[in-house]
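Residue numbers start from 1 in every chain, and the chains themselves are labelled A, B, ... in the order their sequence lines are given, proteins ahead of strands.
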Number of protein chains: 2
Amino acid sequence: MTQQAEMTELEHTSTIHDHSGCREKAIHTAEKLCSQRGVRFTPIRREILELIWESHRAIKAYDLLDRIKPHMGSAKPATVYRALDFLLEQGLIHKVESLNAFMGCSYSDHRHDQLLLVCVQCHEVEERPGERVMEAIAMELEQAAFTMQRKAIEIHGICGRCASSSSSSSRAAN
Amino acid sequence: MTQQAEMTELEHTSTIHDHSGCREKAIHTAEKLCSQRGVRFTPIRREILELIWESHRAIKAYDLLDRIKPHMGSAKPATVYRALDFLLEQGLIHKVESLNAFMGCSYSDHRHDQLLLVCVQCHEVEERPGERVMEAIAMELEQAAFTMQRKAIEIHGICGRCASSSSSSSRAAN
DNA sequence: TTTTGATTGTTACAATATAACATAGCTATC
DNA sequence: GATAGCTATGTTATATTGTAACAATCAAAA
Ligand SMILES: [Zn+2]
Ligand SMILES: [Zn+2]
Ligand SMILES: [Zn+2]
Ligand SMILES: [Zn+2]
């Protein structure tokens with residue numbers, strides 16, 4: 001209820017690196033994995049994954065819907081959610097539970113749990129393996145006699161870039 | 001999309017311990033803290049907190065609404081969400097992000113981060129301090145140059161009780 | 001080619017959450 | 001006690017997020 005930077009739908013590409021490479025790599029990995037697994041990487045699924053990879057921000061289902069509608073008049077909520085379900089099942093994206101939003105997985109070639117660092121200023125989300133954290137959780141669960149099925153570990157705060165550029169300029173710039 | 005035990009609204013009290021003690025303790029702590037802080041623990045807020053503490057399960061906002069309506073014809077979504085906002089601000093409850101639901105805080109006399117163990121069978125949620133996990137996260141964040149504001153750490157799986165009683169009987173019994 | 005299962009289209013709706021403004025109730029002074 | 005200002009609640013409306021159900025289409029396999 002406090003801060004919520006207002007940004008247009010277009011200010012979403014990172015200024016930090018050549019981001020188109022991220023998207024292309026992700027799509028290529030998705031093609032390979034789907035082929036290996038005998039599941040279909042259909043045009044809708046590809047387009048949703050591409051849209052998700054247009055930034056390192058998590059994106060909401062209805063924002064995805066708005067963006068595919070120009071290309072796909074027939075798109076409806078179910079269109080988007082079905083593609084998201086598929087991408088989640090295949091481990092190609094993650095859901096950020098605390099945002100009700102979705103982001104591309106940076107390590108989709110193997111199943112894993114992830115630590116998500118959500119910047120409340122630039123809204124980028126960094127995925128980290130966090131091995132030490134996962135080990136500590138495993139120990140905790142053993143103590144608790146709890147059998148894990150899945151984890152959601154999400155940290156909200158200020159990323160390093162925002163912190164260093166924080167005096168004033170270029171805030172919320174990507 | 002796999003399991004979702006169907007339970008009536010009434011099967012929500014734990015069979016494991018004298019649960020009324022949990023609720024009374026929580027209400028007493030809430031009274032004390034609100035008084036110390038000079039904030040008002042109004043009847044609506046108290047009733048919502050009592051309802052949340054009717055079980056160790058996380059409860060959804062609209063289920064709370066259904067339950068207070070008999071006593072409060074005027075109750076509307078905003079009634080519930082405002083009480084929830086207050087209780088969250090005061091650290092008396094936690095939101096389980098991965099369920100869009102709310103649970104009583106077991107350690108509300110001091111601010112803390114928590115590890116939530118969500119049983120997908122009996123739907124109880126256990127809150128643990130998880131100090132080792134928090135330390136590991138702190139180290140990870142230092143490496144990542146990330147300044148934390150808040151955490152959500154939620155594990156879904158099977159609790160010890162459900163695992164031991166799992167052959168058949170008394171499943172989903174509380 | 002036919003069949004079968006998976007995918008998509010379509011409609012309708014359920015579930016979760018907030019905005020905005022009006023009314024009522026406390027609390028602190030005068 | 002009056003009254004002014006702040007907090008809490010009532011009320012209406014709407015925004016956002018997510019599913020159910022069934023029909024139509026497409027694609028892989030037999
Ligand atoms: Zn990942
Ligand atoms: Zn940032
Ligand atoms: Zn707590
Ligand atoms: Zn259980």
Output a table of donor-acceptor pairs, distance under 3.5 Å, between side-chain atoms of residues 128-137 of chain B and any protein atom two or more places apart or on a different chain; print 'none' if there are none.
from	atom 1	to	atom 2	distance (Å)
B:R128	NE	A:E140	OE2	2.7
B:R128	NH1	B:E126	OE2	3.1
B:R128	NH2	A:E140	OE2	3.4

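Applying the side-chain contact (heavy atoms from CB on, under 4.5 Å) test to A:T147 and every residue at least two apart in sequence or in another chain returns B:I158. Residues passing the ring-ring contact (aromatic ring centres under 6.0 Å, His included) test with A:H110, sequence neighbours excluded: A:H112.
Relative to the six-membered ring of A:F86, A:R45 meets both conditions, a distance below 6.0 Å and an angle of at most 45° to the axis.
Summarising the geometry, the separation between OH on A:Y81 and C1' on C:dT16 is reported as 11 Å, rounded to the nearest angstrom. Between the CG atom of A:L88 and the C1' atom of D:dT17 there is a distance of 15 Å, rounded to whole Å. Here the P atom of nucleotide D:dT16 and the CG atom of A:D63 are 9 Å apart, to the nearest Å. Spacing between atom CG of A:L99 and atom P of D:dT16 amounts to 16 Å, rounded to whole angstrom units. Going from atom NZ of B:K69 over to atom P of D:dT9 covers 18 Å, rounded to whole Å. In this structure, A:L84 places its CG atom 12 Å from C1' of D:dT17, rounding to the nearest Å. Between A:D66 atom CG and D:dT16 atom C1' the separation is 12 Å, expressed in whole Å. Rounding to whole angstrom units, CG of residue A:L65 and C1' of D:dG18 are separated by 12 Å.
Side-chain contact check for A:H156 and A:S98: at least one donor-acceptor pair (N or O, by modelled atom type) lies under 3.5 Å. Side chain to side chain, A:H19 and A:H56 meet the donor-acceptor criterion of an N or O pair below 3.5 Å.
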(message) salt bridge (Lys or Arg N to Asp or Glu O under 4.0 Å), that's the test. Do B:R67 and B:E54 meet it? Break it down for me.
(response) CA-CA 11 Å; B:R67 295 206 194 168; B:E54 284 197 355; 3.5 Å; yes
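Of the residues in residues 32-48 of chain B, B:R40, B:T42, B:I44, B:R45 come within less than 4.0 Å of DNA chain D through at least one heavy atom, sorted by number.
Side-chain contact between B:E154 and B:V96 is present, with at least one heavy-atom pair separated by less than 4.5 Å.
Distances shorter than 4.0 Å separate none of the side-chain N or O atoms of A:N100 from OP1 or OP2 on C:dT16.
With side-chain heavy atoms closer than 4.5 Å counting as contact, directly or through intermediates, B:M139 stands alone and belongs to no larger hydrophobic cluster.
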For nucleotides 10-15 of chain C, list the nitrogen or oxygen atoms of the protein found under 3.5 Å from its nitrogen or oxygen atoms, one pair per line.
none

